[in-house]
Amino acid sequence: MKRVIGKLNPADKNVTIWGAGFSGLILGYYLKDQGYKITIHEKSNKVGGKIQTKKTQAGLVEKGPNALYMNADGMDLLKELKLEPLPAAKKLRRLLLINGKPKRPVQLGILGQLAVHGHKKPPLIADGLTVAEFFRPLIGSENINQFLSPILGGIYATSSESLHFKSVFSEMSHIAQFNSYWDFIKLLIKNQKMKPRLDVSGSVSFEGGMQTLINRLADVLKHEIKLNSKVPFEIKGNTILCTDAITASELTRDLKPEISAELARVKYQELSSVTVFLKREIKSLQKSFGVLIPLETGFNSIGIINNKATFPANNENVFSYTFIARKKLTEAEVYSDVKMLYSEFTEEDLEYMEQTHWDKALPIYDLQRYLSVKKLHQLAKGEDHFAIFGNYVAGISLREMISAARAFAHNPQEYKEIR
């Protein structure tokens, strides 16, 4: 299901897109490149949705995603936009909170479990299978809670007990069952090796932050974007909805009631992003991307990004850290998390703090989302001029959205079998 929901009529070169978040901008960009005449309606006074970089008195604050993880389509996009990527610093440690301390996540215990249980046959890959259910016979519940859930939570902000296996490992969804976990791991490695080598790999940002990417897309589409739009939503000619699922459900309630009902079933995780600027470095996070934090450890955050270490060019002369939490944090809760990593911390060490809270930050990639998207694809087969796109549709990451938008713009009528 790695594609935009619905189809367009390529004979009609006029396309109306509702929403100028990243999904609307990237789809508008590729459709314009294919010769379509685009109009993008945005009800607010800005583009980019959750991707926002704010210049504060202390330094840059990323209110949403802090990086783009590269793939071939992402690399081509940056070349087309003449954007110079700012790669993340090399050889940074990837840390996980283990027994209250940030440590490297590779543990002898997990390697031992792989050696002992790698020959086992994994569970049948059915629609209802979760990531935790798939890996539990291999590594056990304790390792799932302490290692797997926080690692995947850094991407999906959801526990592996809820994460839907086919959605997370979509490249494996065509196989009903593996003969062993070793076969699964070998296929993962093979798929990784088949991906093209890139001029720049890993995570990248841009001089001035992620807002630079949004600004460049907006500049290409400056004549097509209508900010502060008061135009009521309608489906007339080629129409694409590029909002979150809840908003899309509300907009289609009267016009497409079946589609609206499925969109309403997609659930979202709230998130807070709190960037703090300190006078001193948190030594336990030195030379690291940051730390991922398992649930129920006493921390209020699920992860901390070390902005200074990751993108030093955008964080000169500052010690900047972004705390990610699944709720709105108080100052006291942020102080508590800093203190647990940095025992000498006092309020005098804080130079500046900026919090952003999103009620609907990320779609939850659970079984319900999978079933709803599958049903939406079935309903949309009868459409020839209506489509739906967002990070709940064809992948949660920016790079997956870039690939899905590019493929759709090149062939907006193609519909393969939906698994």
Side-chain angles (χ1 to χ4, degrees), residues 4-5 14-32 37-56 60-66 68 81 157 205-206 208-236 238-255 260 263-264 266-275 322 324 328 354-363 386-393 396-398 401-402 405:
V4 177
I5 295 169
N14 295 297
V15 179
T16 302
I17 294 174
W18 300 85
F22 184 73
S23 58
L25 292 177
I26 195 64
L27 199 48
Y29 168 80
Y30 281 122
L31 286 169
K32 180 179 179 178
K37 183 179 179 182
I38 309 298
T39 302
I40 303 178
H41 290 286
E42 171 56 49
K43 67 178 182 180
S44 74
N45 62 357
K46 60 181 177 58
V47 300
K50 295 180 179 66
I51 303 179
Q52 301 175 32
T53 308
K54 182 179 179 180
K55 294 181 180 179
T56 73
L60 296 181
V61 171
E62 295 287 7
K63 291 179 168 285
N66 77 317
L68 165 65
L81 293 173
S205 184
F206 308 91
M210 291 295 289
Q211 190 72 45
T212 301
L213 171 60
I214 296 301
N215 291 347
R216 187 62 61 88
L217 286 169
D219 187 58
V220 173
L221 296 164
K222 60 187 175 184
H223 299 300
E224 287 78 24
I225 299 171
K226 312 297 180 186
L227 294 177
N228 299 307
S229 177
K230 306 298 183 186
V231 177
F233 174 72
E234 62 178 349
I235 299 175
K236 184 179 179 181
N238 282 328
T239 303
I240 309 176
L241 259 177
C242 290
T243 68
D244 64 81
I246 306 305
T247 302
S249 173
E250 293 167 354
L251 291 174
T252 55
R253 183 176 293 121
D254 296 329
L255 298 171
S260 174
L263 288 165
V266 177
K267 299 186 291 292
Y268 278 77
Q269 175 64 55
E270 68 172 311
L271 287 177
S272 281
S273 168
V274 186
T275 298
T322 298
I324 309 297
K328 195 166 187 177
E354 173 107 9
Q355 177 164 192
T356 305
H357 180 75
W358 306 101
D359 288 328
K360 296 177 288 186
L362 288 175
F386 178 60
I388 305 169
F389 186 43
N391 64 350
Y392 62 95
V393 171
I396 203 168
S397 69
L398 299 181
M401 294 172 71
I402 290 169

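Comment: Lys63 engages Glu354 in a salt bridge, judged by a side-chain N to carboxylate O separation of less than 4.0 angstrom.
Two residues are said to be in side-chain contact when any heavy atoms from C-beta on lie closer than 4.5 Å; Ile240 and Leu31 meet this criterion. Side-chain contact between Leu221 and Val47 is absent, with no heavy atoms from C-beta onward closer than 4.5 Å. For the pair Gln211/Lys55, no side-chain contact is recorded, criterion being any heavy-atom separation below 4.5 Å from C-beta on. Using a 4.5 Å heavy-atom threshold, the side chains of Thr212 and Thr53 count as separate. Residues Asn391 and Ser23 form no side-chain contact, since every pair of their non-hydrogen atoms from C-beta on lies 4.5 Å or further apart. Proximity of Tyr30 to Ile402: side-chain heavy atoms (C-beta onward) are separated by under 4.5 Å at one or more points. Side-chain contact between Tyr392 and Tyr268: present, with at least one pair of heavy atoms (C-beta onward) separated by less than 4.5 Å. Inter-residue side-chain proximity for Lys236 and Thr16 is flagged as unmet; no heavy-atom pair is nearer than 4.5 Å.
Across Thr239 and Glu234, no two heavy atoms sit closer than the pair CG2-O, 3.7 Å. When all heavy atoms of Leu263 and Ile246 are compared, the closest pair comes out as O-CD1, 4.4 Å. Taking all atoms of both residues into account, the shortest heavy-atom contact from Leu25 to Ala20 is CG-O, 3.7 Å. Taking every heavy atom of both residues into account, Cys242 and Ile17 meet most closely at SG-CG2, 3.9 Å. Nearest approach of Lys226 to Ser229, heavy atoms of both residues: O-CB, 3.5 Å. The shortest non-hydrogen separation linking Thr252 to Phe233 is CG2-CE2, 4.2 Å.
Between the CG atom in Leu227 and the CD1 atom in Ile40 there is a gap of 10.0 Å [rounded to 0.5 Å]. The CD1 atom of Ile26 lies 7.0 Å from the CG atom of Leu213; values are rounded to the nearest 0.5 Å. Here the straight-line distance linking atom CG of Asp244 with atom NZ of Lys360 works out to 4.0 Å at 0.5 Å rounding. Interatomic distance, Leu362 CG to Leu271 CG, rounded to the nearest 0.5 Å: 5.0 Å. Expressed to the nearest 0.5 Å, how far OG of Ser44 lies from CG of Asn228 amounts to 7.0 Å.
No donor-acceptor pair closer than 3.5 Å links the side chain of Lys43 to the backbone N or O of Trp18. The main-chain N or O of Met210 is found under 3.5 Å from a side-chain atom of Glu62 such that the two form a donor-acceptor pair. Of the possible polar contacts, none joining the Trp358 side chain to the Ser273 backbone as a donor-acceptor pair under 3.5 Å is found.
Around NZ of Lys46, the count of heavy atoms belonging to other residues, nucleotides or ligands within 6.0 Å exceeds 12. When the shell of 6.0 Å around NZ of Lys267 is examined, it contains more than 12 heavy atoms from other residues, nucleotides or ligands.
For Gln269, there are no side chain to side chain donor-acceptor pair (under 3.5 Å) partners, not counting sequence neighbours. Partners of Gln52 under the side chain to side chain donor-acceptor pair (under 3.5 Å) rule, at least two apart in sequence or in another chain, do not exist in this structure. Residues that satisfy the side chain to side chain donor-acceptor pair (under 3.5 Å) test with Thr322, not counting sequence neighbours, are Thr275, Asn307.
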Check your understanding: Given Phe22 and Lys50, is the side-chain contact (heavy atoms from CB on, under 4.5 Å) satisfied, shown in steps?
Key -> CA-CA 8 Å; Phe22 184 73; Lys50 295 180 179 66; over 6 Å; no
Exercise for review: Could you please spell out the steps behind the side-chain contact (heavy atoms from CB on, under 4.5 Å) verdict for Phe206 and Ile214?
Suggested key: CA-CA 11 Å; Phe206 308 91; Ile214 296 301; over 6 Å; no
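Checked against Phe386 for a side-chain contact (heavy atoms from CB on, under 4.5 Å), the options Ile5, Leu241, Asn238 give a single hit: Leu241.
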